[in-house]
Amino acid sequence: MATTAQLFEEPFDADEYIERLAWRTPGGGSKGGAEAFDPKRLLEEFENHIEELKQLDEKIQRKVEKLEHQCHREAKEFAHKVQDLQRSNQVAFQHFQELDEHISYVATKVCHLGDQLEGVNTPRQRAVEAQRLMTYFNEFLDGDLRSDVFNNPDKIKEAADIIQKLHLIAQELPFDRFADVKAKIASKYHDLERQLIQEFTAAQRRGEIGRMREVAAVLLHFKSICLVCGSTRHSDVEQYLKNLYDLYTRTTALATKLTEFNLGSDKHTFLSKLIKSIFSSYLESYIDMEREYLRTRGAMILQRYYDSKNHQKRPIGTGSIQELKERIRQRTNLPLGPMIDTHGETFLSPELVVNLLQETRHAFERCHRLSDPSDLPKNAFSIFLLLVDHLCVEHIDYALEIGLSAIPSSDAKNANLYFLDVVQQANSIFHLFDKQFNDQLMPLISSSPKLAECLHKKKEVIEQMEVKLDTGIDRTLNCMVGQMKHILATEQKKTDFRPEDENNVMIQYTTACSKVCAYVSRQVEHVRKSMDGKNVDTVLTELGVRFHRLIHEHLQQYSYSSMGGMLAICDVAEYRRCAKDFRVPLVLQLFDTLHALCNLLVVAPDNLKQVCSGEQLTNLDRNLLHAFVQLRVDYRSARLGRHFS
């Protein structure tokens, strides 16, 4: 039976089960083995196994019946227990109802007793309060304020409460009999009011909001509290805007919670009108104060930065004259106006930019909360225009103008080129500007006609800056090429390519080539650090093309001996290695072609036609090929011109 149980291993498969049973039976294997196949023995084993299975089935069936019987018995017992629990629960519920009725009865008695005690205690408290006020009134009547409450500065809150009540009482007294005491009470009233106002003002300057709240609660019943609040509105606009935003936000949140209660069928309209009645006078003038604050704050942030640099901002011209200069500069690439030495200063400040964007972010948040929905796009657009003026015009555009003025002329020697640093920082700043435009301004105007105006203004700003960036980069590239030209003019000697001793040339490439390549490598790295994205390839392509044109024209100024031609090829090979740093296929292709052209300086006369028909030279103008061959010192003696006739 144990063997049978082993054959029922999961997962059970009938065919597999029969196969395993036959395999275990001696002489029962289908493929033969140590014993021959014995069908009788296998039949006998199957019959015995069937008997075992029947016995196993009967045993399992008895066990199942036993478990079913046990299950029915336990179900009946559980049902009886549930019924007992339900009866117990019903009894407990009846007891609870009786207890609840008793508690309600006791509570009613307690409330009735409380009402009776209050009816007795309230007149008593009033009498005690009246007696206390009469005592203080007698002190004013005698002219001697003996009570500690009037002489202890720490009890000013209690004194204010007393003098407020005495002041109301004194106003009801006849003037002819109580003129003197009324004057004394009034004097003390104004004295305490003045002290409270001074305390409120001092707490405001210290930024102690909690103390301001305490003093304001006391001053609430005095006449000058409105004047104090009004002065805050104009003395500290930033704090006023923060408080207005905070109070309005908390009030609307409170109104939202109040809607959960039963305030009538028109509770939303009721709460909206209530909020409007409280804040309407402040919200009407909100955007004007917001704009004025941003205008003043932005100007202060800018001025603080330029003061830290000891820099007096130069006026940037506007109108027709400036537009004319800009057009001339775009078309001629000429520096207009005197050159400025910035000593490497870009006049762009990440800290200033963060401060301006932070102020604008807060303004957008306040605008979203405090503006009427119909005015929200218009108000947000006006805030955006202030950001454009301060950040894009007064800071980025000004830095570009200064940067353009600081670019030296193309023939300047050892010029320091800082404009690429200006480009790098301007791009970083504009990415931040663009992020705020998308994250904070777009949600406020996306479904209004102001969206088109904002996008147009942004596009206009970008195009204006791109023009100046392109102009500055172009002039910077001219300066780079001018510096290369200066190195070649001072370092390249005519004897480099016509050495006196053809058999004693020990250098791999000329000094001029070495210095030019070193300079170019530094500028390529500078461009990579200053640009991003496709701008890197665009600028390096333009620099590479100008670099190639300069070397091409430079090589055509000399005549070459056989060894000089080999040295020229070495120079161009070094230039080509330098060109690989550009990672621009066009630039590398140009120098590959130039390298092939230089082979014309050393190839044997009989092989000229074959070289000119090579893959890299076959598509070039024959006149260009002829011009390079003419640079050879043996051009006339070897009658090389006949190869191009």
Side-chain angles (χ1 to χ4, degrees), residues 200 204 207 209-210 212-297 358-387 436-454:
F200 182 86
Q204 178 194 3
I209 305 299
M212 289 173 63
R213 186 180 294 111
E214 293 177 6
V215 177
V218 180
L219 270 172
L220 185 62
H221 302 289
F222 286 83
K223 297 178 180 179
S224 299
I225 182 66
C226 295
L227 298 176
V228 174
C229 294
S231 63
T232 305
R233 182 173 181 175
H234 298 285
S235 61
D236 190 346
V237 180
E238 180 182 13
Q239 191 61 46
Y240 167 77
L241 290 171
K242 288 180 179 178
N243 290 344
L244 179 60
Y245 173 77
D246 179 58
L247 291 173
Y248 188 80
T249 301
R250 289 162 58 187
T251 303
T252 52
L254 176 61
T256 301
K257 292 182 179 179
L258 289 175
T259 56
E260 299 174 2
F261 300 94
N262 185 15
L263 302 177
S265 59
D266 203 14
K267 53 187 176 183
H268 293 285
T269 304
F270 167 72
L271 291 172
S272 297
K273 288 183 178 179
L274 189 59
I275 294 174
K276 186 176 181 181
S277 66
I278 298 173
F279 289 97
S280 60
S281 61
Y282 303 99
L283 298 181
E284 287 175 358
S285 60
Y286 153 69
I287 193 60
D288 294 330
M289 298 193 71
E290 185 74 81
R291 283 197 297 260
E292 183 59 31
Y293 168 70
L294 285 177
R295 189 178 294 109
T296 305
R297 179 69 175 168
Q358 184 81 345
E359 292 289 348
T360 308
R361 181 175 69 84
H362 292 321
F364 280 136
E365 291 174 353
R366 290 191 292 263
C367 178
H368 187 200
R369 175 68 66 181
L370 302 176
S371 295
D372 187 271
S374 61
D375 295 331
L376 177 58
K378 176 183 67 175
N379 293 346
F381 180 62
S382 65
I383 293 174
F384 171 67
L385 291 180
L386 287 172
L387 176 63
Q436 185 170 83
F437 181 92
N438 294 324
D439 293 349
Q440 294 166 357
L441 177 60
M442 286 294 288
L444 306 182
I445 61 170
S446 58
S447 58
S448 75
K450 285 293 179 182
L451 174 61
E453 289 188 53
C454 286

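Hydrogens, waters and symmetry mates play no part in the numbers below; they use all other heavy atoms, side chains included.
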**Q** List the atom of S280, the atom of S277, and the distance in Å for their closest heavy-atom pair.
**A** OG-O, 4.1 Å

**Q** If you measure from CG on D236 to NZ on K242, what distance do you get to the nearest 0.5 Å?
**A** 8.5 Å

**Q** Any sub-3.5 Å donor-acceptor pair from T252's side-chain atoms to T249's backbone N or O?
**A** yes

**Q** Taking atom CG of L274 and atom CG of L258, what is their separation to the nearest 0.5 Å?
**A** 9.0 Å

**Q** CG/D246 to CD/Q239 distance, rounded to the nearest 0.5 angstrom?
**A** 9.5 Å

**Q** Would you mind reporting whether L370 and Y282 have side-chain heavy atoms less than 4.5 Å apart?
**A** no

**Q** Report the distance from atom CG of L254 to atom CG of L247, rounding to the nearest 0.5 Å.
**A** 12.0 Å

**Q** Should E290 and R366 count as an ion pair when the cut-off is N to O under 4.0 Å?
**A** yes

**Q** Would you mind reporting whether Y248 and I278 have side-chain heavy atoms less than 4.5 Å apart?
**A** no

**Q** I need the minimum non-hydrogen distance between M212 and Q204, along with the two atoms involved.
**A** SD-CA, 3.4 Å

**Q** Determine the minimum heavy-atom distance between E365 and Y245, stating which atoms define it.
**A** O-CE1, 3.6 Å

**Q** With a sphere of 6.0 Å drawn around NE2 of H368, does it hold more than 12 non-hydrogen atoms of other residues, nucleotides or ligands?
**A** no

**Q** Name the atoms and distances for all side-chain donor-acceptor pairs under 3.5 Å in residues 373-384, with sequence neighbours left out.
**A**
{"unit_1": "S374", "atom_1": "OG", "unit_2": "D372", "atom_2": "OD1", "d": "2.6"}
{"unit_1": "N379", "atom_1": "ND2", "unit_2": "S371", "atom_2": "OG", "d": "3.0"}
{"unit_1": "N379", "atom_1": "ND2", "unit_2": "D375", "atom_2": "O", "d": "3.4"}
{"unit_1": "S382", "atom_1": "OG", "unit_2": "N379", "atom_2": "O", "d": "2.6"}

**Q** Say you draw a straight line from CG of L244 to CZ of R369; how long is it, rounded to the nearest 0.5 Å?
**A** 11.5 Å

**Q** Do any N or O atoms from the side chain of Y240 and from the backbone of M289 form a donor-acceptor pair under 3.5 angstrom?
**A** no

**Q** Heavy atoms, side chains only, cut-off 4.5 Å: are L387 and Q436 in contact?
**A** yes

**Q** Return the set of residues passing side chain to side chain donor-acceptor pair (under 3.5 Å) with R295 (not counting sequence neighbours), or none when no residue passes.
**A** E292

**Q** Run the numbers on K276 and K273 for side-chain contact (heavy atoms from CB on, under 4.5 Å), then give the verdict.
**A** CA-CA 5 Å; K276 186 176 181 181; K273 288 183 178 179; 5.5 Å; no

**Q** Calculate, to the nearest 0.5 Å, the distance between atoms CZ and CG belonging to R291 and L385 respectively.
**A** 10.0 Å

**Q** Are Q440 and T360 side-chain neighbours, meaning at least one heavy-atom pair lies under 4.5 Å?
**A** no

